[in-house]
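Just so you know, these numbers come straight off a predicted model, no measurement behind them. Chain A is the first sequence line, chain B the second, and so forth, proteins listed ahead of strands; every chain is numbered from 1.
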Number of protein chains: 2
Amino acid sequence: MHKEHTLTKNQQIIFDIIDKSPEPLKAYSILFNVQKKGIKAPLQVYRALDKLVEIGKIHKIESRNAFIACQNSSCQVAKATAFSICEMCEKVTEISSTGLSKYLTNFKDKEGMKYSKYNLEFFGLCKKCRT
Amino acid sequence: MHKEHTLTKNQQIIFDIIDKSPEPLKAYSILFNVQKKGIKAPLQVYRALDKLVEIGKIHKIESRNAFIACQNSSCQVAKATAFSICEMCEKVTEISSTGLSKYLTNFKDKEGMKYSKYNLEFFGLCKKCRT
DNA sequence: CTTATAAATGTTATATTATTACATAGTGTT
DNA sequence: AACACTATGTAATAATATAACATTTATAAG
Ligand SMILES: [Zn+2]
Ligand SMILES: [Zn+2]
Ligand SMILES: [Zn+2]
Ligand SMILES: [Zn+2]
């Protein structure tokens with residue numbers, strides 16, 4: 001069981017936009033979209049994004065500087081994320097594979113070190129773009 | 001056998017700086033360091049970085065917007081990279097594990113899709129910072 | 001060697017992404 | 001009420017990256 005976070009006003013506004021979007025959103029694109037709702041400055045967006053990432057409601061796609069809602073019922077494992085990214089249409093899908101996450105959390109480097117936190121981004125062509 | 005790339009003047013200058021650095025370097029820090037060598041503009045740095053990444057001599061650490069020399073005898077697998085990153089001292093190590101790379105290149109997502117290109121970043125504390 | 005072509009360079013300006021600094025307001029606890 | 005804590009508002013600026021265009025250099029045919 002994980003703690004329920006009640007989102008604040010700004011956090012909720014920004015989460016809703018990201019959650020409704022079929023594509024990852026960039027911070028300034030979010031800013032543009034929420035200006036009618038009274039959020040005027042980049043910092044207000046970045047603060048909400050930081051918090052949403054921290055509590056696992058959204059994830060940052062590092063290679064794209066963009067944000068996507070967690071597709072995994074608000075990741076218990078906010079800090080162990082995996083995505084597939086289409087290099088043609090930029091579609092991003094969160095991968096939820098217990099096999100993969102087990103493999104990675106159990107992976108030991110040459111010094112025997114394990115890591116519970118990781119981010120993995122796969123690149124390729126999505127089903128639609130392959131045909 | 002993979003093709004030998006003869007680096008151009010700018011590419012060589014920038015590769016040398018990255019290769020000598022014990023830490024990943026950021027683009028503008030590189031720029032600052034090569035201004036005495038006649039490279040004056042960000043674009044000159046970014047163009048060299050792009051090429052060096054493309055041919056696998058360096059890799060970009062996406063979560064840090066920084067660049068590191070390939071520690072793996074110029075990655076045959078420039079497009080399948082894995083790193084461990086210390087969240088305390090920011091030390092970055094390239095992971096070369098055939099087990100890991102085999103697992104990831106053979107990984108199939110829910111639609112049976114495989115990916116030959118990926119980037120994995122593990123986060124934790126390095127040996128030094130754990131003690 | 002000349003011409004054609006592609007790759008790399010130089011330069012200026014600008015776009016995009018993210019943070020610092022400081023003031024104010026709300027929320028919950030004692 | 002007093003306190004601590006979190007969130008918000010606002011302005012300015014820092015850090016990261018690309019666009020556009022002119023010029024030069026390397027490579028390869030003919
Ligand atoms: Zn998730
Ligand atoms: Zn696609
Ligand atoms: Zn490498
Ligand atoms: Zn460390």
(message) Quick one, B/Ile30 and B/Leu49 - any side-chain contact, counting heavy atoms below 4.5 Å?
(response)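 Contact flag for B/Ile30/B/Leu49 side chains = yes.
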(message) Are B/Leu100 and A/Tyr103 packed together at the side-chain level, in the sense that at least one heavy-atom pair is separated by less than 4.5 angstrom?
(response)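 Sidechains of A/Tyr103 and B/Leu100: in contact.
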Could you tell me how far apart [X] ([atom1]) and [N] ([atom2]) are, to the nearest whole angstrom?
X       : N      : atom1 : atom2 : answer
B/Arg64 : C/dT19 : CZ    : C1'   : 16 Å
B/Gln35 : C/dT11 : CD    : P     : 12 Å
A/Leu25 : C/dT16 : CG    : P     : 16 Å
B/Tyr46 : C/dG10 : OH    : P     : 18 Å
B/Ile14 : C/dA8  : CD1   : C1'   : 12 Å
B/Leu49 : C/dA8  : CG    : C1'   : 15 Å
B/Asp50 : D/dA17 : CG    : P     : 10 Å
A/Glu62 : D/dT16 : CD    : P     : 14 Å

(request) Using distance alone, with no hydrogens and no angle criterion, decide if A/Glu121 and A/Ser63 have a side-chain donor and acceptor under 3.5 Å apart. (result)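 Yes, a side-chain donor-acceptor pair sits under 3.5 Å.
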(message) Would you say A/Ser84 and A/Lys91 are linked by a side-chain donor-acceptor pair, where the criterion is simply a distance under 3.5 Å?
(response)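 A/Lys91 vs A/Ser84: no donor-acceptor pair found between side chains.
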(message) For A/Glu90, is there an ion pair with A/Arg64 - N to carboxylate O distance below 4.0 angstrom?
(response)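 The answer is yes: the pair qualifies as a salt bridge.
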(message) When you measure from the side-chain N and O atoms of A/Lys26 to the phosphate of C/dT17, is any distance below 4.0 Å, counting only OP1 and OP2?
(response)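 True: A/Lys26 side-chain N/O within range (under 4.0 Å) of C/dT17 OP1/OP2.
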(request) Could you label the plane-to-plane angle of the B/Phe107 and A/Phe122 rings as parallel, tilted or perpendicular, counting under 30° as parallel and over 60° as perpendicular? (result)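 B/Phe107 and A/Phe122: parallel rings.
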(request) Could you check which of C/dT19, D/dA17, C/dT17 has an atom nearest any side-chain atom of B/Asn65? (result)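 Comparing C/dT19, D/dA17, C/dT17 against the side chain of B/Asn65, the answer is D/dA17.
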(request) Report the hydrophobic cluster partners of B/Met88, with the cluster defined as I, L, V, M, F, W, Y residues connected by side-chain heavy atoms closer than 4.5 angstrom, directly or transitively. (result)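 B/Leu125, listed by chain and number.
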(request) Decide yes or no, distance alone: a donor-acceptor N/O pair under 3.5 angstrom between the base of C/dA15 and the side-chain of A/Tyr28. (result)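 When only heavy-atom distances are counted, A/Tyr28 does not reach the base of C/dA15 through any donor-acceptor pair under 3.5 Å.
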Under 3.5 Å, N/O pairs linking protein and nucleotides 4-10 of chain D:
residue: D/dT8; atom: OP1; partner: A/Thr8; partner atom: OG1; Å: 2.8
residue: D/dT8; atom: OP1; partner: A/Asn10; partner atom: N; Å: 3.3
residue: D/dG9; atom: OP2; partner: A/Asn10; partner atom: ND2; Å: 3.0
residue: D/dG9; atom: OP2; partner: A/Gln44; partner atom: NE2; Å: 2.5
residue: D/dG9; atom: O5'; partner: A/Gln44; partner atom: NE2; Å: 3.4
residue: D/dG9; atom: N7; partner: A/Arg47; partner atom: NH2; Å: 2.4
residue: D/dG9; atom: O6; partner: A/Arg47; partner atom: NH1; Å: 3.0
residue: D/dG9; atom: O6; partner: A/Arg47; partner atom: NH2; Å: 3.3

